[in-house]
Amino acid sequence: MNIRHIHPWDVAAAEAIAIQRRLASQVSHQNGIPPVVQRIAGADLSAPDKEGYVQCAVVVLDFPSLQLVEIVTARGKPSFPYVTGLLSFREAPLVLEALERLAHPPDLLLADGQGLAHPRRFGLACHLGLLTGLPTIGCAKSLLVGVHGLLPLEKGASASLHHKGEVVGAALRTRHNVRPLYVSIGHKVDLPSAMHWVLACCTRYRVPEPTRLAHVAAAGKSKTTPP
DNA sequence: GCGACAG
DNA sequence: ATCTTGTCGC
């Protein structure tokens, strides 16, 4: 896959915020997912080891079988610390490195973090989408910004997520009686479509298969990681 | 000033 | 992300 390298990563927090503000206006909120989806990818990083190294995994699944097609991993020591609201400056470089080596480009990418549901409307999913040109969806396990009402307990139930007068995403129940997932537009997708594709990837677990398997692969499981 | 805060 | 036991449910 070709990656668009349009800004440096080795920046101070203030410049990272400026970059986010500049790029946020380029995010597409329109559904650009192809009519026939053949492959869906998920990306995630492991927690840092004792020396600060992390492993990124991008997994590609066939759709609709959700069978594993490809795994690419990338290991490294993030130069940027974890700062709330600047997650992509820590995680995106390794994800892009893995995406660059992908032999089977996906039609859609799920990111483990927010998309538009971000203080500057430019979470990790937006950043990855903009730099790859892929349709992306933010798929976070907890809330960063915004508020929402109660939602029914059944799978598929949702409540819109509001922040500063805007709808920035949705709380989406992906299994019966579990905490909702926070779904938002990353790039080239609209919110109803994002919710649809997340649900289409949820089988047995709260987390959709692409990001769930990426999480497993990033942690280095023998079942999924090639020796 | 205080609280909140993706991974 | 991690610290943390037993326990309830499918």
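Naming convention: chains lettered A, B, ... in sequence-line order (proteins, then strands); numbering from 1 in each chain. Atom set for the values below is all heavy atoms of this structure, side chains included, hydrogens, waters and symmetry mates excluded.
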**Asked** Taking for each residue the nucleotide of DNA chain C with the nearest heavy atom, is it Arg175(A) or Lys141(A) whose nucleotide lies nearer the 5' end?
**Response** Lys141(A)

**Message:** With a cut-off of less than 4.0 Å, is there a side-chain N or O of Thr84(A) near OP1 or OP2 of dA4(B)?
**Reply:** no

**Between P of dA6(B) and CD of Gln114(A), the distance in whole Å** = 8 Å

**Prompt:** When the distance from CZ of Arg179(A) to P of dA6(B) is rounded to whole Å, what number comes out?
**Reply:** 12 Å

**Item:** Separation of atom CG in Asn177(A) from atom C1' in dC8(C), rounded to whole Å
**Value:** 12 Å

**Asked** Rounding to a whole Å, what distance do you find between His176(A):NE2 and dC8(C):C1'?
**Response** 15 Å

**Request:** Check the pair His127(A) / His7(A) against ring pair (Phe, Tyr, Trp, His ring centres under 6.0 Å), numbers first and verdict last.
**Result:** CA-CA 11 Å; His127(A) 212 147; His7(A) 69 76; 5.1 Å; yes

**Request:** Pick base, sugar-phosphate or nothing for Gly138(A), based on heavy-atom distances below 4.0 Å to the nucleic acid.
**Result:** nothing

**Request:** Find the distance Leu94(A):CG to dG7(B):C1' and express it as a whole number of Å.
**Result:** 13 Å

**Prompt:** For the hydrophobic clusters of this structure (ILVMFWY residues joined by side-chain heavy atoms under 4.5 Å, transitively), does one cluster hold both Leu161(A) and Val147(A)?
**Reply:** no

**Request:** May I ask you to verify if any side-chain N or O of Tyr82(A) is less than 4.0 angstrom from the OP1 or OP2 atom of dA1(C)?
**Result:** no

**Message:** Measuring only the C1' atom in each nucleotide, how far is dT2(C) from dC5(B)? A whole number of Å is fine.
**Reply:** 16 Å

**Prompt:** Please give, in whole Å, the distance from dA6(B) P to Leu45(A) CG?
**Reply:** 16 Å

**Message:** Check this for me: does any side-chain nitrogen of one of Asp49(A) and Arg75(A) sit under 4.0 Å from a carboxylate oxygen of the other?
**Reply:** yes

**Request:** Starting at atom CD1 of Ile185(A), determine the distance to atom P of dA6(B), rounded to an integer number of angstrom.
**Result:** 21 Å

**Message:** Quick one: does any side-chain atom of Gln20(A) pair with a main-chain N or O of Gly85(A) as donor and acceptor, under 3.5 Å?
**Reply:** yes

**Prompt:** Regarding Arg90(A) and the six-membered ring of Phe80(A), is the cationic atom NZ or CZ under 6.0 Å from the ring centre and inside 45° of its axis?
**Reply:** no

**With Leu109(A), the side-chain contact (heavy atoms from CB on, under 4.5 Å) member among Val60(A), Ile40(A), Leu134(A), Thr211(A)** = Leu134(A)

**Request:** Only stems of 3 or more consecutive Watson-Crick or G-U pairs count here, both distances under 3.5 Å; name the ones for DNA chain C, or none.
**Result:** none

**Asked** How would you label the contact of Leu86(A) with the nucleic acid (heavy atoms, under 4.0 Å): base, sugar-phosphate, or nothing?
**Response** base

**Request:** Let me know the distance between CG of Leu87(A) and C1' of dC5(B), rounded to the nearest Å.
**Result:** 12 Å

**Message:** Test your reading of the model: is there a side-chain donor-acceptor pair from Gln114(A) to the backbone of Ile185(A), 3.5 Å cut-off?
**Reply:** no

